Amino acid sequence: MKNFSFVILALAVVMSFSAIFVVQEGEKAIVLLFSKVEKDSDDKAVVYGPGLHLKVPFFSQVRRLDARIQTLDGAPDRFVTSEKKDLIVDSYVKWRINDFSAFYLRARGDKQYAETLLKQKVNNGLRTNFGSRTIKEIVSGERSELMEEALVQASESAQELGIEVLDVRVKQINLPQEVSSSIFQRMRAERTAVAKEHRSEGQEKAETIRAEVDRRVTVMLADAERNARTVRGQGDADAAAIYANAYNKDAEFFGFMRSLEAYKNTFKDKQDIMVISPDSDFFNYMKGTKAQ
């Protein structure tokens, strides 16, 4: 009897624990009864929020799903513009579950599988929008409009998955590597040509400036030489006038001073030899009286 009571008590405890389940904060849960989603009287799926809840023991299963906002940030994809030009587009999507029953049935309650399907739907919308625009329109001013249209299309197509798309954003738009390389090479060649043109223009201006400077230097030197000659000529004229004035004041003394200067210049080197007649006028002031 005691063993039977113990068994009954154990079964009651097991059934109690089997009938209780806990939903954590940030999660919501649905209950599968005989592999079917539990529904209320209005034939709508019953969604359990955070807290402690009861379920039918042994015959029901709990599927907990993340109710928070998710970010889908996959690898960049290649899209074609209306000009048939390829672009590498890096984008991300903000989404969350709004219909837990549909999400479980259509996406099997698997986040990765759901994001794979959602990525396909978002890419289809982006492909349509990129395909109707040129590169200039996409880059210059229509990116916001493009993202808004992609958000609307993604929201409509994601409803069947039980997903609400909150935002679609294009982070970066690049050209493919092979196209970028050719464009960079062309840009480099264009910049090199411009640089050569600027250098040639600079060299031409430098030659012009140097020629102008040389011309000015030549003119300045010529002016300086002319002025120097004028000054020297004026000096020689002033010296001649001074000598003439001195000669007129005392011709005898002037002749004597000039003779002394001549003697000094002539006999300053003792090794010099002069062959000249003693009666020459050169020695007039070395005689007792001046020769007549």
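Small disclaimer: the values here were computed from a predicted structure and weren't measured.
Between Leu151 and Ser155, some side-chain heavy-atom pair lies under the 4.5 Å cut-off. Residues Thr192 and Lys196 form a side-chain contact, since some pair of their non-hydrogen atoms from C-beta on lies under 4.5 Å apart. Looking at Thr81 and Thr134, their side chains never come closer than 4.5 Å, going by heavy atoms from C-beta outward. In this structure, the side chains of Lys55 and Val62 come closer than 4.5 Å at one or more pairs of heavy atoms. No side-chain heavy atom of Val31 sits under 4.5 Å from any side-chain heavy atom of Val46. Between Leu161 and Leu117 there is a side-chain heavy-atom pair separated by less than 4.5 Å.
No donor-acceptor distance shorter than 3.5 angstrom exists from the side chain of Asn245 to the backbone of Ala241, with no hydrogens or angles considered. Listed for the Gln153 side chain is no donor-acceptor partner under 3.5 Å among the backbone atoms of Ala150. Using a distance-only test at 3.5 Å, with no hydrogens or angles considered, no donor-acceptor pair links the side chain of Gln172 to the main chain of Val170. One N or O on the side chain of Ser82 and one on the backbone of Arg133 form a donor-acceptor pair closer than 3.5 Å.
Between Lys84 and Val80 the shortest heavy-atom distance is CA-CG1, 3.6 Å. Counting all heavy atoms, side chain and backbone alike, Leu65 lies closest to Gly109 at CD2-O, 3.9 Å. Nearest heavy-atom pair across Gly162 and Asn98 is O-OD1, 2.7 Å.
Under 4.0 Å is where a charged nitrogen must lie from a carboxylate oxygen, and between Glu225 and Arg232 at least one such pair does.
With rounding to the nearest 0.5 Å, the separation of CG in Leu32 from OH in Tyr104 is 4.5 Å. With rounding to the nearest 0.5 angstrom, the CD1 atom of Ile69 is 10.5 Å from the CG atom of Asp66. From Arg169, atom CZ reaches atom CG of Asp73 across 14.0 Å, with rounding to the nearest 0.5 Å. Separating the CD1 atom in Ile30 from the OG atom in Ser60 is a distance of 12.0 Å, to the nearest 0.5 Å. Met147 contributes atom CE, which lies 7.5 Å from atom CG of Asp167 (distance to the nearest 0.5 angstrom).
Gln120 and Asn124 form no side-chain donor-acceptor contact under 3.5 Å, judged by distance and modelled atom types alone. Inspection of the Gln61 and Arg63 side chains reveals an N or O donor paired with an N or O acceptor under 3.5 Å.
Listed by chain and residue number, nothing satisfies the side chain to side chain donor-acceptor pair (under 3.5 Å) test with Glu83 (two or more places apart in sequence, or in another chain). Under the ring pair (Phe, Tyr, Trp, His ring centres under 6.0 Å) criterion, Phe103 pairs with no residue, sequence neighbours left out. For Arg216, the side-chain contact (heavy atoms from CB on, under 4.5 Å) test picks out Glu212, with sequence neighbours left out. Qualifying ring pair (Phe, Tyr, Trp, His ring centres under 6.0 Å) partners for Tyr48, counting only residues two or more places apart in sequence or in other chains: Phe21, His53.
Sorted by first and then second residue, the ring pair (Phe, Tyr, Trp, His ring centres under 6.0 Å) pairs involving residues 105-137 (not counting sequence neighbours) are Phe79-Phe130. Sequence neighbours left out, the pairs with a member in residues 92-121 that pass salt bridge (Lys or Arg N to Asp or Glu O under 4.0 Å) are Asp77-Lys119, Arg96-Glu164, Lys121-Glu160.
Tracing side-chain contacts under 4.5 Å through hydrophobic residues (I, L, V, M, F, W, Y), one reaches Ile173 starting from Leu126; they form part of the same cluster.
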